[in-house]
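Below is one structure, written out as structure tokens; the observations come after it.
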Amino acid sequence: ARFNRRTFVFDDDKAAPSFLGRPLPRRSDYVDYVMEGLDRNGSSNPLIGWCFPIVFDFPEIARNAQFSLTVTDLIADQRPMSQSPNYREKLDASYRATIGLSDLVLTNCQPVADAFSDLAPEIHVIPNACEIIGPERAWEKPIELANLRGPILGYTGNLRDRLDVELLERISDQRPDWQIVLIGSAHGSPDILRLQGRENVHFLGVRPYEEAQAYISHFDVAIMPHVDNEVSQRMNPLKLYVYHALGVPIVSTDVANIEEIAPYARIAKDGEEFIAEIESILAKGVDRPRTRPGGEALKPISWDDRIERILKLVDRVGA
């Protein structure tokens with residue numbers, strides 16, 4: 001199959017009116033932009049519209065494109081993530097419109113399916129999965145990590161209100177020789193910025209997926225210090241699958257929707273146990289080079305398995 005990727009960069013009156021020497025379209029031209037892209041790249045049937053909400057304009061795009069099949073993939077429920085009642089109402093209206101015109105609705109965990117059960121007669125749960133990474137794949141140690149002295153505890157993902165900032169502060173205080181590396185955007189929650197300025201906490205910003213793999217592969221312990229709240233209860237953390245596929249020891253708090261990957265991680269009931277589990281891993285020593293799970297071991301929780309299940313659903317609904 002041939003894929004074309006297009007990104008819409010628009011003029012929001014705050015940035016320059018051009019980008020890379022080309023004039024920027026207005027935000028209001030987004031639907032026209034998508035339709036022109038479909039026409040330019042061939043929009044003959046069968047054409048599947050696949051939406052990962054929130055895309056506020058998707059209902060209008062779907063009506064104009066007249067997709068042969070419309071799929072909505074609810075990778076999370078963004079409504080609990082918003083502090084603004086008005087924005088939550090906007091999110092809810094968008095979910096309702098998008099799901100209402102969908103032929104197939106997917107999600108990655110049962111709580112999200114339950115949260116949207118009033119909007120769709122059937123929501124299919126397909127969890128996240130592991131990428132099978134061959135043993136020959138290796139990455140140079142990124143310079144930011146090479147300059148650190150002491151065990152590296154790493155986290156990747158949006159640094160928002162699902163993170164247990166108090167637990168990270170506790171680790172930083174009690175184990176000053178451990179280096180805590182945080183990769184991801186901090187724009188979602190100001191609480192995480194309380195950790196700025198600590199000598200053993202390092203904010204590395206956003207990294208593309210391929211680059212993030214290089215960092216993760218050189219973590220001594222991959223951590224997921226999430227709190228148990230409405231946000232974490234409605235997500236299936238992809239990062240745990242990535243950590244596992246790269247063969248990195250994992251320590252996670254005891255949160256929802258990690259049952260499938262939990263056998264490959266250490267699950268801590270509280271902060272004291274979280275630190276103790278990290279110490280136990282470090283005491284045993286960290287394998288170098290990494291021993292990664294083989295393809296056969298990962299197959300039941302691999303993307304190949306998930307995609308096969310999704311395609312069967314697409315064939316059934318589109319038949």
Side-chain angles (χ1 to χ4, degrees), residues 1-79 81-84 86-108 112 116 119-120 123 126 128 157-158 160 184-188 205-212 235 238 303 306-307 310-311 313-314 317-318:
R2 181 172 62 89
F3 293 90
N4 293 302
R5 175 178 292 180
R6 298 290 182 267
T7 302
F8 181 75
V9 181
F10 62 90
D11 177 10
D12 63 355
D13 293 327
K14 299 177 183 177
S18 64
F19 181 69
L20 297 178
R22 300 178 62 180
L24 290 175
R26 303 296 299 170
R27 170 65 182 81
S28 57
D29 295 330
Y30 176 68
V31 173
D32 291 337
Y33 167 84
V34 173
M35 297 308 301
E36 289 170 6
L38 291 175
D39 291 339
R40 187 165 53 250
N41 292 286
S43 58
S44 59
N45 288 335
L47 184 65
I48 298 176
W50 204 296
C51 182
F52 301 87
I54 295 291
V55 180
F56 292 111
D57 296 290
F58 184 77
E60 184 178 353
I61 293 168
R63 286 189 290 269
N64 289 336
Q66 296 184 334
F67 296 122
S68 303
L69 185 72
T70 299
V71 181
T72 292
D73 197 345
L74 299 164
I75 58 176
D77 182 357
Q78 294 190 31
R79 294 172 297 184
M81 302 179 191
S82 174
Q83 300 299 315
S84 166
N86 290 337
Y87 189 63
R88 282 199 299 272
E89 288 182 11
K90 184 179 180 181
L91 290 172
D92 188 66
S94 180
Y95 278 125
R96 289 179 181 275
T98 300
I99 294 173
L101 55 79
S102 299
D103 303 296
L104 176 63
V105 182
L106 308 171
T107 191
N108 54 36
V112 173
F116 290 101
L119 303 185
I123 298 178
I126 309 287
N128 282 316
N158 286 324
R160 56 195 318 161
S185 171
H187 79 279
V206 178
R207 293 289 189 273
Y209 175 68
E210 286 291 329
E211 191 175 332
M235 60 178 291
L238 176 60
W303 281 116
R306 305 301 199 235
I307 291 170
I310 290 171
L311 290 178
L313 289 171
V314 169
V317 174

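The model shown is predicted, which means the values in this text are computed figures rather than measured ones.
Looking at Asp103 and Val71, their side chains never come closer than 4.5 Å, going by heavy atoms from C-beta outward. For the pair Asp73/Trp50, a side-chain contact is recorded, criterion being any heavy-atom separation below 4.5 Å from C-beta on. You'll find the side chain of Phe116 reaches within 4.5 Å of the side chain of Asp77, heavy atoms only. Counting heavy atoms from C-beta on, the side chains of Thr70 and Cys51 never come closer than 4.5 Å. Contact annotation: the side chain of Pro208 never approaches that of Glu210 to less than 4.5 Å [non-hydrogen atoms, C-beta and beyond]. Ile310 has its side chain within reach of Leu106: a pair of non-hydrogen atoms, C-beta onward, lies under 4.5 Å apart.
Here the side chain of Tyr33 pairs a donor or acceptor atom with the backbone of Thr7 at under 3.5 angstrom. Distance alone, capped at 3.5 Å, is enough to place a donor-acceptor pair between the Arg88 side chain and the Ser82 backbone. Using modelled atom types, no side-chain atom of Tyr95 and backbone atom of Lys90 make a donor-acceptor pair closer than 3.5 Å. The backbone N or O of Ile75 lies less than 3.5 Å from a partner atom in the side chain of Asn108, making a donor-acceptor pair. For the pair Ser84 (side chain) and Tyr87 (backbone), a donor-acceptor distance under 3.5 Å is present. Arg160 places no side-chain N or O within donor-acceptor distance of the main-chain N or O of Ala186, the cut-off being under 3.5 Å.
Minimum heavy-atom separation, Leu101 to Pro59: CD2-CA, 3.6 Å. Nearest heavy-atom pair, Thr98 versus Val55, reported as atom, atom and distance to 0.1 Å: OG1-O, 4.4 Å. Here the shortest heavy-atom pairing between Ile48 and Val314 reads CD1-CG1, 4.1 Å. The minimum heavy-atom distance between Leu74 and Pro53, with the atom names listed, is CD2-CG, 4.0 Å. The two residues Asn128 and Arg306 come nearest to each other via the heavy atoms O-NH2, 2.8 Å. Closest approach of Met35 and Ile61 over heavy atoms only: SD-O, 4.2 Å.
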- Decide side-chain contact (heavy atoms from CB on, under 4.5 Å) for Glu60 and Val34; before the verdict, give the C-alpha distance in whole Å, the side-chain angles of both, and the deciding distance to 0.1 Å. CA-CA 11 Å; Glu60 184 178 353; Val34 173; over 6 Å; no
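Of the candidates Phe10, Phe56, Phe8, Phe8 is the only one forming a ring-ring contact (aromatic ring centres under 6.0 Å, His included) with Tyr30.
A cation-pi arrangement is absent between Arg63 and Phe58 under the rule of less than 6.0 angstrom and at most 45 degrees off the ring axis.
Asp32 and Arg26 are not joined by a salt bridge, as no carboxylate oxygen comes within less than 4.0 angstrom of a charged side-chain nitrogen. We find that Asp92 and Arg96 are joined by a salt bridge, their nearest charged nitrogen and carboxylate oxygen being less than 4.0 Å apart.
Between the CZ atom in Phe67 and the CG atom in Leu38 there is a gap of 6.0 Å [rounded to 0.5 Å]. Put simply, CG on Leu24 and CG on Asp11 are 6.0 Å apart, with the number rounded to the nearest 0.5 Å. With rounding to the nearest 0.5 angstrom, the CD1 atom of Ile54 is 5.0 Å from the CG atom of Leu91. In this structure, CZ in Arg79 is found 11.0 Å from OG in Ser94, a value given to the nearest 0.5 Å.
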